[in-house]
Structure formats: C-alpha cells, structure tokens
Amino acid sequence: MSRFGEVDDEYDPHALEERVFEYWDDVDAYERTKQHRADGESFFFVDGPPYTSGSAHMGTTWNKSLKDVYIRYKRMQGFDVTDRPGYDMHGLPIETKVEEKLGFENKKDIEEFGEENFIEACKEYADEQLEGLQSDFKSFGVWMDWDDPYKTVNPEYMEAAWWGFSKAADRGLVEQGQRSISQCPRCETGLANNEVEYEDVEDPSIYVTFDLVDREGSIVIWTTTPWTIPANAFTAVDPDLEYAAVRGVKDGESDVIYVAEACVEDVLKKGRYDDYEVLETLEGSEMLGWEYEHPLAEEVPDHADHDGAHQIYAADYVEADRTGLVHSAPGHGEEDFVRGRELGFPIFCPVGSDGVYTEAAGKYEGQFVKDADEDIIADLEANGAMLASEHVHHSYGHCWRCDTGIIQIVTDQWFITITDVKDELLDNIDDSEWYPEWARDSRFRDFVEEAPDWNVSRQRYWGIPIPIWTPEGRDDDEDTIVISTREELAERVDQDIDPDTVDIHKDTVDDLTITEDGTTYTRVPDVFDVWLDSSVASWGTLDFPEDDSQFEELWPADFILEAHDQTRGWFWSQLGMGTAAMGEVPYDKVLMHGHALDEDGRKMSKSVGNVVEPHEAIDRHGSDAMRMFLLSANPQGDDMRFSWDGMRTMENNLRTLWNVFRFPLPYMRLDGFDPTETTLESVDEDLELVDEWILARLQSTKAEITEHFEEFRQDRALEALLEFVLEDVSRFYIQAVRERMWDESDSPSKAAAYATIYRVLEEVVVLLAPFAPFVTEEIYGTLTGGDGHPTVHMHDWPEVEEYWADSELETDVAYVRAVEEAGAHARQQAGRKLRWPVARVVVAANDERVVEAVNRHESLVGDRLNAREIELVEPGQQWGELAYSAEADMSKLGPAFGGRAGEVMNALNEARIDEASLEALEDAVDDVLGDGDELTEDMVSFVTQTPDDIAGTPFGLENEEAGVVYVDASLTDDIESEGYAREVIRRVQEMRKDLDLDVEERIVLELEIDDDRVADLVAGREDLICEEVRADELRTVDVDNGQRKTWDVEGVSVELALEPVAAEASD
RNA sequence: GGGCCAAUAGCUCAAUCAGGUUGAGCGCCACUCUGAUAAGGUGGAGGCUCUCGGUUCAAAUCCGAGUUGGCCCA
C-alpha cells in the first residue's frame, strides 16, 4: 500500500475484509508474524478442541474470537505463542450421525457393514466437518495454525492418550470392575454422567406393598421404574427417621402398612383409604432386619435369594419423601449398588446391555424393560401388592446423542480410579489460577469433591482403543498388559507391524495378540470414552511422546480458555488425566466464559428457531464489527446476549474510526507530510496544548488497556480504547485541529498536528488490531506505506511513554471540556444557537485548577462556545444577582439527623435564599430543624438560581462539582449583525452544495432581505459573507445557471440567488 | 431435588466487595452544526434497582425466604 493513498470514502467492511484477506495471502502475514516472534519467550496456549459435528455457532465464534484476541495480544507483547488448533473427532455423536446417514438401526447393522468400513466412514465424516469448522474460523480472522491442527484421530495423538493412560496404570489407578452405569440401550454402551441429558417425561409412579414375614402388615415403597422391581434385593430406611404403623380402612376391609410418619397422610390418600388410625410409631432403627416377601417371587423365580435378601437395612440415601422406604436393587441403581456391595450381596441384574430382560427375569424374559412396565404393574396388582398406581412428570436421563431413555444396569467397565487420588486432585486445583475465581473455588472444587471414578470404557467402534491386553479367555484386571506407544506395540505383538505407519484404530489392533511366557493375551474390545481423548491435549498438542522436543520446555499449558460447560468437561478431564498420569494440573491459567444467548436471554436452539448464525452477522455488519461486539462482552463466567443493536453500534464505531483516519489524509498527501522525517520528537517545540493533551490521554489509555488485558477483561480494554477514539480523538481533538489542517501555508503548527495525529492513529490501530484485525490492517498499511511491518499484527504492543504522560494536563482539559459542555447546555437553555455569538460566558469556579485550565485555554473555550468574552469568577467569590438553594450530603446528614435526615434533605433542596450562607439556609428550613439542630459546612453545597437572559449550568468531573458556567445571551446590534450574517452564510453554503460546486469555485451572489433593520445589520457584514462563501461580488444574478431560493430566517424572509462566476463568463 | 452465577432505563452494562439523593453507552424523540457529511454537537423522555421480609438513622448494596433465567449435578 502506498502511504496516504486514496481510501474508500465510506467504511465498507466487506470490500475491505476481502482486500485484507488477499493482502494477508500475498505477504504471508500470518507466517511472518509467527516467525517474527520465534525467538520470543514461549507462551503455551492449548486450544480446547471443538467437536467435529455441526458448524461453528455463535458460542464457538465467541470462544475462538476470545482465543484470537489473547493470542494476538500476547504475540504483540513479544511472546512466541503456541497456537495449534485442535479437533475432537472421535465418539458416539459421530457414530450416530454416520449410522443415521447409512440408515443403521443398531450394532448388528454395523457389524454386518464391517468395523473397518464403519470406522472409515466415521473418519470421512469427521474430516468433512473439520473442514467446515476451519473455514468458519478463518472467515472471521482467527489466526491459528490451520495447516497443522491436532486431530484426536491421528496415530500420534492416539498414542498420547495411550501414553497417559499407561502412566495412570503404572500408578495403579486403572482397574476393571462392576459398576452401576447409565446405559443407552440403543447404542448399547455405557455413558458418562456428562453424556446423559435430562428431559421431562411421563413415567409410572407406583406405591408397592411388600408383605412382612414375621408380623402383620406390609411396608410401602415408591418407584417410577417398575421394571427394576424384579431385581429388588432389600429395602432401605433411615434409622433415625420416625416411622408409623397405620391401620387403613377401605371398603370395609383394613390393612396395616408401615411408612415414614411424615408421609402417612399422603400415602393413605394415594391408597384411597376411607379412614385410618396410627397404631404405633417407631424409629427406623427398630425396623432393621425385618424380613419381607418379594412381590414378584413367582414371576421371577430366580430373584435374589441369598442370605440377608429381602430385609430392611439402613442407607443414607433415604429421605422422608413419598413413603420414607426405598426399594433397592443393587443390579440397577448406583446408590443401591454401592450399598449392596457394602452389605456383601451378590449383584443380581436380569437385564442385558440392550435393555432386554435375560432368562433370569423369568416371565419377562425377552421383553424390553420399559415395555414390561405394564405387565409388571398388572402382576403387582394381581398379587395384591399395588397400593396406588398413577403417572408422574419428572426429568429423566436420556442418551445425549440418540435421545433414548437410559437405563441403570450393572456391567463390567474399566475405570481410572481417581477417587484414590482425590486429595491430590484437590491440591492440584490450587496450582491453577481461574478467571473468575469463584468458578474454581465454588464450582469446580464442588464438582471435583463429588466426582466418582472415571469410567473410561465404551462398547463402541469410533474411538481410541483401550490399550489393555488380557490373558486369553479372561477379562479381569489381573495380569494385564498396558501398551503405551506404537513402538512398544510393534515390539510386543506377535504380528509384524510398522510403528510409523500403523493406524491404531479398533479394526487394526483387535487382531493383534501378545504372547509372553507361554500366555497369549488379547485386547479388551472397548474403546475410550471420548472425554479421555481431549484430556491429554496438553501433551497431545505437542505430539508428545512421539516428539519430545518441546514437552520439557512448554508443559504445562500457560493458558486455556473455554465456556462454563467445560467445568465438568475439559477443565475436569484434563485435571483428572493430568493428575493420574503426571501428578499435576496441566494448565496454569483458566479463563471461563459463558454461553451466547439470544436477544431475550434464552438459549439459542434450533427447535425454538432463535439461532443467529455467525455468517449472517458477518454478512450484515462485517467480521470486525462482529468480533468487537463479541469481545465487548464480559468473558468471566457470564453469559452473553447477542444483540443486533450492539452489532450495529460496533459498525458505527468503526465508521467513526474510519472517518477520523481518512480526514487528515488529503492534507497530509497535499503537503507531502513524511512521518519518518517529521516525527513527534522533531516537532516537540511546536506542539500545542491540545496536541500534548491527546498524547497524554494516549499514554493513560495505553496503561488502562494493558491493565485490563492482564486481568482478562478485554471487554474493558475495548471500552477504554473506544472511549478514547470516540470521545477524545473524534469529538475533541479532530474538531480542535481542523483549522490548522486547512492552513494553506506550511506552518510549524500544522506539522505538529500532523505528527501528533499520526502517532495517535498508529498506536490506536495497533491497540485495536487484536480486536478488529481487518480494518486496522488497512489503516496501518495506508499510514506506514512501505516503512512499517508488513502487517500491523507484527507490531509491538505500545508501551506507555512517560515523556508524553501528563496527568495534570489531562485533568485541566477535562475541566475545559466540562466547561464547554456545560456552556453548550446553557446556550440551549438560553435559546441561543451556536451560530450566534454571545456577549460573554462566565465561569464561576469552585476550584483553582478550573481557573488555571480556563485561563490556559481561554481562546479555545471562547471559540467553541462562540463567546465574545470569557469571564472567570474565582473560587470563594460570588457572582452577582444569583439566588441560591442547597443540596444535602446524605453521608453527613444521615448520622447527624437520623430518621429525620430525609425530611431535612427535602427542605434543603426546596429552599431559596439570596446569599450562600449557612445562617440564611437555617432560617429557610427553620420548620424542620429542631432545637439544638445545627447545619455545618460539610452537610450542604450551595446551588445557584440564575436570572433572566442568563442561563447557568453546573459542570464537574465524576460527581465532583467544579463550578457553574453562565451564558449571557443578551443581544446587541453587533451580535445580531454577525448572527444574521452567519444565517445567510450557512444558507448560501447549502445552496452551493445543492449546485454541487467545488469548494474553491467562485460565485456571484444576490441578497434581498424584507426587513430593513435586518438588511442594515447584514449589510454591515458583507465582507465576512463574501469571504466565507467565496463570492466575488454582490449584484443581481441571472439564475439560469444558478439557483434562487427564499428562506425564512428567524421570521424574516430572505431571498438568495447565486451563480458560479465561470458560468456567467461563458454566457 | 441440590450447587454456582445472574436479575438496575426499551437494549448492553456500571455502581454491590468497603451501605449515604442510581449512572454511562446504544436506541428513541426534539433541536443543532454543515470544509469528517450515510459523520459531528446539545437536550429530552425513559427506573416501585425482580418480589417479600429483616438489620440500620440510612439498603440497588448486607442478611433471610422466594420468583425468573443460564450453566452444572442428580
């Protein structure tokens, strides 16, 4: 780009972004930026791998934008940042998508299709999805190493998982065992807790009576899963809870039932008893050991029949809810299973992995459990064991992928027994720093404290095979071989394989056997839970252990950043795996952001139809605006509401930046301004106050932005930067230096303004580059020509230059601006447009610094407020003809007046007095002051009430009242003369614009004013008018080539006509 | 059912930790400027600070109980 070249008149994000993409390509911007930092201190960022199904939604887009902004920021600070993106490509979600595509119903279809073919189809599908995600991420300018992402399906990555797992096994943390797990009967695999989604469904709700063996009556249990009744082994009570024996009467017959005392009324009502009587109450502990009969003993002949079966036991999962007695089936429920094992019971589970009753279920054999509910309910009724049967709406777990209702069954699974290292896990949490802190201390810690052993085995195909080989014919966890690398695999297996080329997916490794000491070992057929894949990302991303060149230096990760759903996901799996394998937490700093919600704060969901696609946002407002909008949201734990309005605002902000940037370009070009020669340092002597001020503001803005970045509050950094650009640069500085740019001669002042604005723009663009990488690139290129870096993203992060810092000056100008704003307000109150001069502006200051500031900037204030004269009233002095009231300071009034403080405040606010003294004030509020009440200086501040013709407006900084600006709007002939002249000028300018005249074009003007007095006043300013509108003479005009128009100026009719001089000459 | 977080102007948020007359930006409306012009400036309207209790002279703020939303867990 050539320096100060022509740029688009308007900010057009789409054309601009397209140009920048091409430019990046042409100059290898990304590669060179990375290369530029290759020798820097390393910063190890690890990308949490998105799952490759579906495209990038607004949440993913937010996540990647955040990553990009911090990566760019760190790079600019000189760090060599690891930026390898990752993709999570294994797992059930992809299997189910592929099954859907192929029209498969269950595992049998897959087996017929062939494991190898199925795995290949999954890989193809995942790769397709990956490409879609990559192009989405690239489209909004994320700079990561897209040519070399880590993929969880690559052999070297799978090996990283094997290695980690084998380290955990070395520490004795891998075991096989029975567990009660959530099983998806369709996918025929166990699910991790975090793969279970809860939905509201209708289920049976039954109250069942178990007849007692040694005494009259029965106990009552409640359940929503009738299909677990066949597996009942015992019933649980709370030994400390009060229970009651109740005789209920129904249809003339009576039953004795036992329930918790608190539940008596509810249960009897459910059972539709006409009347009841409490026979006795007893503690749960007194019921322990009572024996009862299995209500389906005949239907299920093989039911649990061991010693101690069908008795009452204590358990801590009992609550005084429903009946206060809990039907317990250790072959199903997790708590039941744990308690059953404690009691030493054998586990009876008559249900297969497909949810169909086995032979052990007797009468129900071959039925799908949920379908058997009806039969079981009917049988219980027939057996007289049904107290009440109804239905209930409740939330019930479903498979996260196929939406099938899960069942709890006990099966053999492989575990990483992280409960054995719970203390270590909790200790390791403290080695990580979280933003926000509560995410770690409240949320994460709670989760880790309660986390059970990690079930890592899945009975599926598309995953990393579990690298465990067991002696043939056995599948227990004794004498196992755990393989850690491909090399080790090649060495130990009986078959001949090449470790460099072998793909270690299930179809390949299933056939491999190991023979050692005369024993043949075969692999356990399971694959890993997909969460184990990403849990090893901190070394998998380095291709460790295959490539050990970086691990030592980089590990653990310096920084990770994900949404709050990853507390139970990646944040946890990495802690678990890191601790099990390495004894350490694999990350130092964690930034946890929220989810992207719709405009109403609801979750975006396809079924609701409120999803905003990122590409639509880009189409409407551009990538830069979208990024800035996303990055303007607080990243620490809070959810973000998407807002089209917010998007538009960001685009408008960029448009203002664009206008600020292109405004000085024509002048700089015209004057041949060369920023390498005319540097800020070279024009130091010629800098005007406003230049020094904007440079000082720039320094404190830089400091503020960097501080926010270090606290992971890029939203606040952006806010500070935008405020600087919009408030300080656009609305104040540019306004103030415009006239210096118009100066046609080469003045030192103009050079100083150029150098200042150049420095400001350059640094602004660098500071904004991490947020808006496109527009900043183009601006930077235009400013630097060939002299800068090839890309703004190679630039160093701007540091505060103490030389230019000047907090006193910043404060002074802040006062001046406050005066100006208040003056403009007062003008409006007085009904005097800015075009009309006012006789004087009086600044009544409360503070000596205001006096200084206004003195130093008197002409600036005078110009801006179009005042003939600026008058100052020193602190402590009073300006004539003012009335006063008072404002109360509640922090003083409260303690002094107690309950009456509010009343006193109101009286003070309403009081009107002639002089600002406490005595006068006390008199005015006499009726609310009691005997001995006294007002003091610090309780009140006086407020002025102004006379006619004069409007006053208070001004100040941040709640501190610094004084009052009065505008004297009384009229004189001189003022009216200029005012009317300005009215004429402005209308002529508008007509010039209508005629599309060039700025330099000369005209002749005709001027006809109805009102004699006004005509005289305007005549006195003919020179001014001619000069401003570039009129050569005033005379009658032939409007064939020009324009004639009659205007209403403050009620006076003014006829104007003009034509260009050139046009007239050609007549 | 339990844990964590949030709730303040139409919208996005600040003020909450350390109690003292609720603020900003955007949007809307009116006015204004006219050599950045699909830009700029000024003003106005707009708040039972989610509800109910408590502590206090004083509560958006502290405490308790709810309601709604989000995430997590069962």
Side-chain angles (χ1 to χ4, degrees), chain A residues 9-11 193-194 196 198 319 321 334-335 394-397 436 438-439 441-447 449-451 563-569 572 592 594-595 597 599-603 629 632-634 636-646 648-650 652-653 655-656 658-667 715-716 719 722-723 726-727 730-731 734-735 738-739 741-742 820-829 831 833-835 864 887-902 905-906 908-909 953 958-959 985-987 989-990 992-993 999-1000 1028:
Chain A
D9 280 353
E10 274 172 47
Y11 169 58
N193 285 334
N194 48 26
V196 177
Y198 290 82
E319 283 170 23
D321 186 39
E334 193 175 336
E335 290 168 319
H394 68 150
S395 75
Y396 187 78
W438 57 257
D441 294 335
S442 301
R443 203 176 180 160
F444 193 50
R445 193 178 301 278
D446 285 356
F447 180 80
E449 272 168 2
E450 285 170 25
H564 46 41
D565 57 334
Q566 297 302 330
T567 323
R568 66 163 186 177
W572 156 244
M592 184 189 92
H595 281 177
L597 309 178
E599 303 214 58
D600 301 323
R602 289 169 313 175
K603 195 161 130 171
F629 169 73
S632 70
N634 181 350
Q636 298 195 4
D638 286 349
D639 288 337
M640 178 221 3
R641 280 204 207 187
F642 184 81
S643 149
W644 286 111
D645 200 42
R648 199 173 330 116
T649 302
M650 282 305 170
N652 285 342
N653 291 343
R655 184 166 293 119
T656 301
W658 188 258
N659 287 335
V660 165
F661 149 68
R662 76 186 190 88
F663 158 72
L665 288 183
Y667 307 104
D715 57 322
R716 290 190 163 159
E719 196 186 351
L722 286 178
E723 190 181 322
L726 301 175
E727 289 296 327
S730 170
R731 289 178 194 166
I734 295 291
Q735 303 296 329
R738 271 151 57 152
E739 287 189 32
M741 306 252 157
W742 303 334
E820 188 194 324
E821 267 172 38
H825 184 197
R827 255 181 167 284
Q828 182 147 331
Q829 302 281 57
K833 301 179 212 174
L834 189 57
R835 212 179 290 139
R864 292 224 168 196
E887 269 185 14
D889 181 348
M890 285 310 284
S891 66
K892 301 296 187 305
L893 227 51
F897 290 95
R900 291 183 296 122
M905 176 190 81
N906 287 332
L908 289 171
N909 287 345
T953 300
E958 319 208 347
N959 304 329
I985 290 167
R986 140 131 165 73
R987 285 166 176 81
Q989 300 288 31
E990 195 166 316
R992 285 183 62 112
K993 198 171 157 190
V999 173
E1000 306 289 335
E1028 291 283 323

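All of these numbers come straight from a predicted model, not from anything done at the bench. To find a chain, count down the sequence lines: A is the first, B the second, and so on, and within it residues start at 1.
Residues that satisfy the salt bridge (Lys or Arg N to Asp or Glu O under 4.0 Å) test with Asp565(A), not counting sequence neighbours, are absent from this structure. Listed by chain and number, the residues in a salt bridge (Lys or Arg N to Asp or Glu O under 4.0 Å) with Arg716(A) amount to none (sequence neighbours excluded). Checked against side-chain contact (heavy atoms from CB on, under 4.5 Å), Arg738(A) has the following partners two or more places apart in sequence or in another chain: Phe663(A), Ile734(A), Gln735(A), Trp742(A). Take Phe642(A) and apply the ring pair (Phe, Tyr, Trp, His ring centres under 6.0 Å) test, not counting sequence neighbours, and it matches Phe629(A), Trp644(A). Residues meeting the side-chain contact (heavy atoms from CB on, under 4.5 Å) test with Glu10(A), sequence neighbours left out: none. Every residue meeting the salt bridge (Lys or Arg N to Asp or Glu O under 4.0 Å) condition with Asp715(A), not counting sequence neighbours, appears here in chain and number order: Arg713(A). The side-chain contact (heavy atoms from CB on, under 4.5 Å) check on Glu727(A) picks up Glu723(A), Arg731(A), Arg817(A), with sequence neighbours excluded. With sequence neighbours excluded, the residues forming a side-chain contact (heavy atoms from CB on, under 4.5 Å) with Asp638(A) are Asn634(A), listed by chain and number. Applying the salt bridge (Lys or Arg N to Asp or Glu O under 4.0 Å) criterion to Asp446(A), with sequence neighbours excluded, gives no partner residue.
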Collect all protein-nucleotide pairs involving nucleotides 28-34 of chain B in which both atoms are nitrogen or oxygen and the distance is under 3.5 Å.
residue	atom	partner	partner atom	Å
rC33(B)	OP1	Arg835(A)	NE	2.8
rC33(B)	OP1	Arg835(A)	NH1	3.1
rC33(B)	OP1	Arg835(A)	NH2	2.3
rC33(B)	OP2	Arg835(A)	NH2	2.2
rC33(B)	O5'	Arg835(A)	NH2	3.1
rU34(B)	OP2	Arg835(A)	NE	3.4

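Comparing rG27(B) with rU34(B), their C1' atoms sit 25 Å apart, to the nearest whole Å. Spacing of C1' atoms, rC29(B) relative to rA18(B), comes out at 41 Å, to the nearest Å. Taking atom P on both nucleotides, rG20(B) is separated from rU67(B) by 30 Å, rounded to a whole Å. Straight-line distance between the P atoms of rG54(B) and rA7(B): roughly 24 Å, to the nearest whole Å. Here, rG25(B) and rU8(B) have their C1' atoms 15 Å apart, quoted to the whole Å. Only the P atoms considered, rG2(B) is 30 Å distant from rC11(B), to the nearest whole Å.
For Ser730(A) and rA39(B), a side-chain-to-base donor-acceptor distance below 3.5 Å is absent, hydrogens and geometry of angles not being considered. For Arg738(A) against rA36(B), a side-chain-to-base donor-acceptor contact under 3.5 Å is present.
Taking a pair as Watson-Crick or G-U wobble with both distances under 3.5 Å, RNA chain B forms stems of 3 or more consecutive pairs at B:1-7 with B:67-73, B:10-13 with B:23-26, B:28-32 with B:40-44, B:50-54 with B:62-66.
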- What does nucleotides 2-12 of chain B look like as a protein-contact string, B for base, S for sugar-phosphate only, - for none, at under 4.0 angstrom between heavy atoms? -BSS-----SS

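Close to rA36(B), at under 4.0 Å from its OP1 or OP2, lies no side-chain N or O of Thr656(A). OP1 and OP2 of rG69(B) both lie 4.0 Å or more from every side-chain N or O belonging to Lys603(A).
Minimum interatomic distance between Pro436(A) and Gly637(A) (heavy atoms only, all atoms of both residues): CD-N, 3.9 Å.
Looking at heavy-atom distances under 4.0 Å, Glu723(A) makes no contact with the nucleic acid at all. Within 4.0 Å (heavy atoms only), Thr567(A) reaches no atom of the nucleic acid at all.
Each of Asp565(A) and Arg655(A) was matched to the nucleotide of RNA chain B holding its nearest heavy atom; the match closer to the 5' end belongs to Arg655(A).
When each of rA15(B), rG40(B), rC71(B) is scored by its nearest atom to the side-chain atoms of His564(A), the top-ranked nucleotide is rC71(B). Of all nucleotides listed (rC71(B), rG27(B), rA36(B)), rA36(B) comes nearest to the side chain of Ile734(A).
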- Item | side-chain contact (heavy atoms from CB on, under 4.5 Å) between Met592(A) and Gln566(A), intermediate numbers included | CA-CA 8 Å; Met592(A) 184 189 92; Gln566(A) 297 302 330; over 6 Å; no

